[in-house]
Amino acid sequence: MRKLIFTINTSLDGYCSHTNFFPEEEIMVYFTQLTRDADTFIYGRKTYQLMIPYWPDVAKNHTAQDDRGVDIEYAQAFDAVEKIIVFSQTLDGAGEEKTRIVSTNLQDEVLKLKQQPGKNILTGGVNLASQLAALGLIDEYRFVVHPIVVGGGVRLFEGINLQEKLQLKLVESTVFKSGAVVLRYLKK
């Protein structure tokens, strides 16, 4: 069975807005490899609209913020992912051929995806990940904790509705030169 991996950037105080971070090159290399090991993304509407069309445009035009080569490499890895599944009640259509909008049962759809052959499935964002975690569907959690205190915004797992505590086991930690730390947890 394929693994569903949740990965997100977060501040020390647990805030996850993409505007709070500008990942250093070493972190972009990390995300590029993680993306290369996947063939499917699962997003909610907000994260989908954040990622698309930005990363496919960078891959196509070879232009990125500050023209960093690592951003273009990430964009190419992102663009190579075969499927993007977007869970949304409000999004009408997708701009990408490989994107499918789903408005029905989250649990059933994710279980079907996990049973299909292929590489890892990646998810990010806050709202959808909270729902996936509450349903026990996430197999692995990768938190990139940046050495910054933000003091406001959307918090990691804000509004999660758990039936019981989510028990995780730390299996790896990686420290980057910037002081950011990747914490990799498996579901117990």
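Just so you know, these numbers come straight off a predicted model, no measurement behind them.
In terms of modelled atom types and a separation under 3.5 Å, the side chain of T7 and the main chain of R142 share a donor-acceptor contact. When atom types are taken as modelled, the side chain of D13 and the backbone of V149 share no donor-acceptor pair closer than 3.5 angstrom. A donor-acceptor pair is defined here as one N or O able to donate and one able to accept, closer than 3.5 Å; no such pair exists between the side chain of K46 and the backbone of G125. Checking side-chain atoms of D139 against main-chain N and O of L4 turns up a donor-acceptor pair under 3.5 Å. E26 places a side-chain N or O within donor-acceptor distance of the main-chain N or O of K177, the cut-off being under 3.5 Å. Proximity of a side-chain donor or acceptor of K98 to a complementary backbone N or O of D79 within less than 3.5 Å is detected. Within the 3.5 Å criterion, the main-chain N or O of A134 finds no donor-acceptor partner in the side chain of Q163. A donor-acceptor contact shorter than 3.5 Å is absent between the side chain of D39 and the backbone of E82.
With hydrophobic clusters built from ILVMFWY side chains whose heavy atoms lie under 4.5 angstrom apart, I148 does not share a cluster with I8. Cluster annotation: L113 and V86 are assigned to distinct hydrophobic clusters (Ile/Leu/Val/Met/Phe/Trp/Tyr, side-chain heavy-atom contacts under 4.5 Å, transitive). Both V154 and L132 are part of a single hydrophobic cluster, where members link through side-chain heavy atoms under 4.5 Å apart. The cluster map of Ile, Leu, Val, Met, Phe, Trp and Tyr, joined by side-chain heavy atoms under 4.5 Å apart, puts I5 and I85 in different clusters. Two different hydrophobic clusters hold V182 and I138 under the rule that ILVMFWY side chains link at heavy-atom gaps under 4.5 Å.
Counting only heavy atoms from C-beta outward, the side chains of Q76 and I72 approach each other to under 4.5 Å. Contact annotation: the side chain of V144 never approaches that of F21 to less than 4.5 Å [non-hydrogen atoms, C-beta and beyond]. Using a 4.5 Å heavy-atom cutoff, the side chains of Y141 and L183 are not in contact. Counting only heavy atoms from C-beta outward, the side chains of S103 and Q89 approach each other to under 4.5 Å. Proximity of I52 to T99: side-chain heavy atoms (C-beta onward) are nowhere separated by under 4.5 Å. Side-chain contact check for I84 versus M51: every heavy-atom pair is 4.5 Å or farther apart. Residues K187 and Q167 fail the side-chain proximity criterion, which asks for heavy atoms closer than 4.5 Å. Inter-residue side-chain proximity for T104 and V102 is flagged as met; some heavy-atom pair is nearer than 4.5 Å.
Atom SG of C16 is separated from atom CZ of R155 by 9.5 Å, given to the nearest 0.5 angstrom. In this structure, I160 CD1 and Q131 CD are separated by 9.5 Å, a value rounded to the nearest 0.5 Å. Considering CG of L128 and CZ of F87, their distance stands at 6.5 Å, rounded to 0.5 Å. Once rounded to the nearest 0.5 Å, the distance linking CD1 of I101 with CZ of R45 reads 10.5 Å. Rounding to the nearest 0.5 Å places CD1 of I27 at 11.0 Å from CD of E25. The distance from the CD atom of E73 to the CG atom of D71 is 9.5 Å, given to the nearest 0.5 Å.
Across every non-hydrogen atom of A133 and L162, the tightest pair is O-CD2, 4.2 Å. Of all the heavy atoms in Y15 and N20, the pair that sits closest is CB-ND2, 4.3 Å. Closest non-hydrogen pair, A38 versus L122, comes out as CB-CG, 3.6 Å. Nearest heavy-atom pair, T40 versus R2, reported as atom, atom and distance to 0.1 Å: OG1-NH2, 2.8 Å. A77 and R36 get closest at one heavy-atom pair: CB-CG, 3.8 Å. Closest of all the heavy-atom pairs between N9 and P23 is ND2-CG, 4.3 Å.
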Exercise. Please walk me through it: do Y185 and V171 pass side-chain contact (heavy atoms from CB on, under 4.5 Å)?
Worked result: CA-CA 6 Å; Y185 292 91; V171 294; over 6 Å; no
For this session: Begin from the C-alpha positions of L91 and Q49 and carry the test side-chain contact (heavy atoms from CB on, under 4.5 Å) through to its verdict.
Result: CA-CA 10 Å; L91 198 59; Q49 290 177 325; 3.5 Å; yes
For this session: Please report the C-alpha distance between E140 and R184 in whole Å, then the side-chain angles of each, then the deciding distance to 0.1 Å, and finally whether the salt bridge (Lys or Arg N to Asp or Glu O under 4.0 Å) criterion is met.
Result: CA-CA 7 Å; E140 189 172 312; R184 181 175 163 238; 2.8 Å; yes
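Screening I42, I121, V110, T123 for a side chain to side chain contact (heavy atoms under 4.5 Å, CB included) involving L137 leaves a single residue, V110. When each of W55, Y54, F31 is checked for a side chain to side chain contact (heavy atoms under 4.5 Å, CB included) with F78, only W55 meets the rule.
Summarising the local packing, NZ of K114 is surrounded by more than 12 heavy atoms from other residues, nucleotides or ligands at distances under 6.0 Å.
Y43 meets the ring-ring contact (aromatic ring centres under 6.0 Å, His included) test with F41; sequence neighbours excluded.
Q33 and D37 are linked by a side-chain donor-acceptor pair at a separation below 3.5 angstrom, with hydrogens and angles left out of the test. Defined by atom type and a distance below 3.5 Å, a donor-acceptor pair is present between the side-chain atoms of E24 and S178.
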